[in-house]
> 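Here it is: the structure, laid out below.
Counting from 1, the numbers follow the sequence of the chain as shown. Just so you know, these numbers use all the heavy atoms, side chains as well, and skip hydrogens, waters and symmetry mates. Since the model is a prediction, treat every value here as computed from it, not as a measurement.
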Amino acid sequence: MFTDVTYQDWQAAADRDKLLLTAIDRYKASRDFGLALEAGDYFRGRNPAVARKTVLRARKIETRDASGRKRIRTGTEDVVGNRIGSGFLFRFITQQNQFLLANGCVLADAQTKALLGADFDHQLAALGERALIHGVSWGFWNVDHLEVLEAARDIRSGFFALMDELTDEPMVGVQFWQISADKPMYVRLFETDGVTVLKLEKGMPVPVMPKRPYVVTMRSDALGDEILSTENYARLPIIPLFANSERHSELTPAIKAKIDAYDNILSDFADNLDRANDVYWVLNNFGGTTDDIAQMLEEIQRIKAVANLSDGSGSSSTAEPHTIEVPYAARQTALDILERALYQDYMALNIDALTGGSLTNVAIRAATANLNLKADRYEWQVFRFVQQLLALLGVTTEEIRFPRQCIANESETVADIAAMRPDIDRRTALKLNPYIQPEEIDALLRGEA
């Protein structure tokens, strides 16, 4: 959580324009912003550690001595090799987020849910995904819908809040974006009494859209638009959603280190395959000079040949084809160990563990136990976010649920329903049946289907 500049600093500032620019610069240079960008790269399958990897190759170096004679010697150079990034973080975060939020948010009554807008469930899932990646994501209640504000979209765009040092609540929000390095930066400044859009010109923020209240009631007719009323909320309409109680990205140091090791091993293995994927030739009784051999060392990756000056037989030159078998058993073992460790550390579900149609529901629940525990901690954060958002709209409630995705042996479930049938009514049996949709139940009870 960015705290280099706080709301108290904002209140005490003699020049708020200058402080605004200072806060943006300090946020872009902060560890929070850097880690958020790094986590975004891992989520997209771009491993920054692997992106810097090079391969050492032999090369020929030609020089001339004082008399002008050419000298050839061998040397080495770093060249770009295979840089293979994995999709572990994307897989883990998508699984955790969708496991909890794929079925949306269920509230006590339909009227309360309607207050949150028609697209609320999708926006909440998008907000949760960004929170798990960056550690925090910010939800802006924009009159009648939820808007996602990312902590770090790219190196020139993001969002941060100035927190109150006493209450730990966001009091000022700063969203900045710049579509390219040669284009101007824009800033959307959120304050308790309204929002202002600014453009950075000659190093100073200039209002593009003057401050306006958050809720504006308009009337349009033939004469034009007329503002009937304006209103602000009791607090800043921006609420943080944290990934966990530590407020850190789910790309923890332990997860990152294992992903780096996995990607490096896989990339190195691909490099070895590239170097050994063709036949090479051993040249016996080769009569070349040492300069010729030095030149061949540079070309070895292209011509796949090794020169043997003499095999001691005194016979004529021969050429024998050879291949290299790249050792893989140790690498495969290491990859398997790292993959299991990644799933265990993240508490994710490896679908490979759920195989076979005879897998019982007890075994499925045991396999998903860690995922459920991980989702429990995440649910605390999402619950608090939705509760704060409803409070902003004047609704106080504890009845907030998030139906999780269910993984079950459906044939066993149906058999269990049949066994329970004497003790439950038909409607309950139909509701429990995984093959029957809720909207079909009334028609089935009426005998229409």
> Tell me whether Asp109 is salt-bridged to Lys113, with the criterion being a basic N under 4.0 Å from an acidic carboxylate O.
no
> Please examine the side chains of Lys211 and Val195, heavy atoms only from C-beta on, and report whether any two atoms are closer than 4.5 Å.
no
> Please report the C-alpha distance between Asp416 and Leu432 in whole Å, then the side-chain angles of each, then the deciding distance to 0.1 Å, and finally whether the side-chain contact (heavy atoms from CB on, under 4.5 Å) criterion is met.
CA-CA 10 Å; Asp416 290 342; Leu432 293 174; over 6 Å; no
> Check Ile441 against Lys431 and note the closest heavy-atom contact, atom names and distance.
CD1-CG, 3.4 Å
> Pair Lys28, Asp154 - check salt bridge (Lys or Arg N to Asp or Glu O under 4.0 Å), show working.
CA-CA 10 Å; Lys28 290 168 70 175; Asp154 54 51; over 6 Å; no
> Looking only at heavy atoms, what is the nearest atom pair of Gln405 and Asn103, with distance?
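Looking at all heavy atoms of both residues, the closest pair is N-ND2, 3.7 Å.
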> Val208 and Leu198: side-chain contact (heavy atoms from CB on, under 4.5 Å), yes or no, with the steps?
CA-CA 5 Å; Val208 175; Leu198 306 156; 5.9 Å; no
> Supply the atom-to-atom distance Leu107 CG to Thr397 OG1, rounded to the nearest 0.5 angstrom.
7.0 Å
> Which pair of non-hydrogen atoms, one from Phe159 and one from Gly173, has the smallest distance, and what is that distance?
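Between these two residues, the closest heavy atoms are CZ-CA, 3.7 Å.
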> Quick one: do the Thr22 and Asp25 side chains pair a donor with an acceptor below 3.5 Å?
no
> Could you check whether any side-chain heavy atom of Leu162 comes within less than 4.5 Å of a side-chain heavy atom of Asp9, counting everything from C-beta outward?
no
> Sorted by first residue and then second, give each ring pair (Phe, Tyr, Trp, His ring centres under 6.0 Å) pair with at least one member in residues 22-50; sequence neighbours left out.
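For residues 22-50, and leaving out neighbouring residues, the ring pair (Phe, Tyr, Trp, His ring centres under 6.0 Å) pairs sorted by first residue read Phe2-Tyr27, Tyr27-Phe33, Tyr27-Phe160, Phe43-Phe90.
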> Quick one: list whatever passes side chain to side chain contact (heavy atoms under 4.5 Å, CB included) with Lys183, sequence neighbours left out.
Ile179, Ser180
> I need the minimum non-hydrogen distance between Pro213 and Asn232, along with the two atoms involved.
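Here Pro213 and Asn232 meet closest at CA-OD1, 3.4 Å.
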> What's the separation between atom CG in Leu349 and atom CG in Leu371, rounded to the nearest 0.5 Å?
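CG of Leu371 is found 6.0 Å from CG of Leu349.
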> Is it the case that atom CD in Gln437 sees more than 12 heavy atoms from other parts of the structure closer than 6.0 Å?
yes
> Working to the nearest 0.5 angstrom, can you tell me the gap between Leu236 CG and Trp138 CH2?
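If we round to the nearest 0.5 Å, Leu236:CG and Trp138:CH2 are 9.0 Å apart.
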> Should we say atom NZ of Lys18 is surrounded by more than 12 heavy atoms from elsewhere, each under 6.0 Å from it?
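No.
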> Output a table of donor-acceptor pairs, distance under 3.5 Å, between side-chain atoms of residues 122-136 and any protein atom two or more places apart or on a different chain; print 'none' if there are none.
residue	atom	partner	partner atom	Å
His122	ND1	Asp119	OD1	2.8
Gln123	NE2	Leu146	O	3.0
Arg130	NH1	Glu150	OE1	3.3
His134	NE2	Ala152	O	3.3

> Could you check whether Lys256 pairs with Glu250 (Lys NZ or Arg NE/NH1/NH2 to Asp/Glu carboxylate O, under 4.0 Å)?
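Looking at Glu250 together with Lys256, the answer is no, because their closest N to O distance does not fall below 4.0 Å.
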> Pairing donors with acceptors under 3.5 angstrom, does anything connect the side chains of Tyr378 and Asn97?
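Note: Tyr378 and Asn97 side chains meet the donor-acceptor criterion.
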> For the residue pair Asn372 and Arg404, confirm or rule out a side-chain donor-acceptor distance under 3.5 Å.
yes
> Evaluate the side-chain proximity of Ser245 to Arg377: yes if any heavy-atom separation is below 4.5 Å, no if none is.
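In short, these two side chains touch, coming nearer than 4.5 Å.
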> Looking only at heavy atoms, which two atoms of Leu241 and Gln381 are closest? And how far apart?
CD1-O, 3.5 Å
> According to the interplanar angle, ranging from 0 to 90°, do the rings of Phe190 and Tyr214 count as parallel (below 30°), tilted (30 to 60°) or perpendicular (above 60°)?
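Parallel: the ring planes of Phe190 and Tyr214 meet at under 30°.
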> With the side chain counted from C-beta on, respond yes when Glu147 and Leu149 share a heavy-atom pair under 4.5 Å apart, and no when they do not.
yes
> Just so I know, are the side chains of Asp41 and Arg44 near enough to count as touching, which here means a heavy-atom distance under 4.5 Å?
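They are in side-chain contact.
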> Flag the pair Val382 / Phe402 as yes when at least one side-chain heavy-atom distance between them is below 4.5 Å, and no otherwise.
yes
> What's the verdict on side-chain contact (heavy atoms from CB on, under 4.5 Å) for Tyr435 and Glu440, showing C-alpha distance, side-chain angles and the deciding distance?
CA-CA 10 Å; Tyr435 295 105; Glu440 299 173 340; over 6 Å; no
> Is any side-chain N of the basic residue among Lys258 and Glu339 closer than 4.0 Å to the acidic one's carboxylate O?
no
> Heavy-atom count check: over 12 atoms from other residues, nucleotides or ligands less than 6.0 Å from Glu246 CD?
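More than 12 within 6.0 Å, yes.
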> Is there a ring-ring contact (aromatic ring centres under 6.0 Å, His included) between Phe242 and Phe385? Walk through the geometry before answering.
CA-CA 9 Å; Phe242 298 107; Phe385 172 84; over 10 Å; no
> If you round to the nearest 0.5 Å, how far is CE of Met185 from CZ of Phe176?
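The CE atom of Met185 is 6.5 Å from CZ of Phe176, to the nearest 0.5 Å.
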> Are the side chains of Pro205 and Val187 in contact, using a 4.5 Å heavy-atom criterion?
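Not touching, per the 4.5 Å side-chain cut-off.
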> Go through Asp336 and Thr333 one step at a time and tell me if the side chain to side chain donor-acceptor pair (under 3.5 Å) criterion holds.
CA-CA 5 Å; Asp336 291 342; Thr333 300; 5.7 Å; no
> Do Gln96 and Tyr346 have a side chain donor and acceptor closer than 3.5 Å?
yes
> Side chains of Asp260 and Asn47: any donor to acceptor distance under 3.5 Å?
yes
> Does the pair Glu191 and Leu189 meet the rule for a side-chain contact (heavy atoms from CB on, under 4.5 Å), with working shown?
CA-CA 7 Å; Glu191 299 175 271; Leu189 180 64; 3.7 Å; yes
> Main chain of Trp380, side chain of Arg384: is a donor-acceptor contact present, judged purely on distance under 3.5 Å?
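Not a single qualifying donor-acceptor pair exists.
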> What is the minimum heavy-atom distance between Leu115 and Leu393, and which atoms define it?
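Answer, listing the atom of Leu115 first, then Leu393: O-CD1, 4.1 Å.
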> Roughly how far, to the nearest 0.5 Å, is the CG atom of Asp32 from the OG atom of Ser249?
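Taking OG in Ser249 and CG in Asp32, the distance rounds to 11.5 Å.
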> Any chance the side chains of Gln175 and Arg188 put a donor and an acceptor closer than 3.5 Å?
yes
> So do Asp121 and Cys105 actually touch side chain to side chain, heavy atoms under 4.5 Å?
yes
> To the nearest 0.5 Å, what is the distance between CG on Leu389 and CD1 on Ile239?
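These two atoms lie 4.5 Å from each other.
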> Check the side chains of Arg235 and Thr192 for a donor-acceptor pair under 3.5 angstrom, ignoring hydrogens and angles.
no
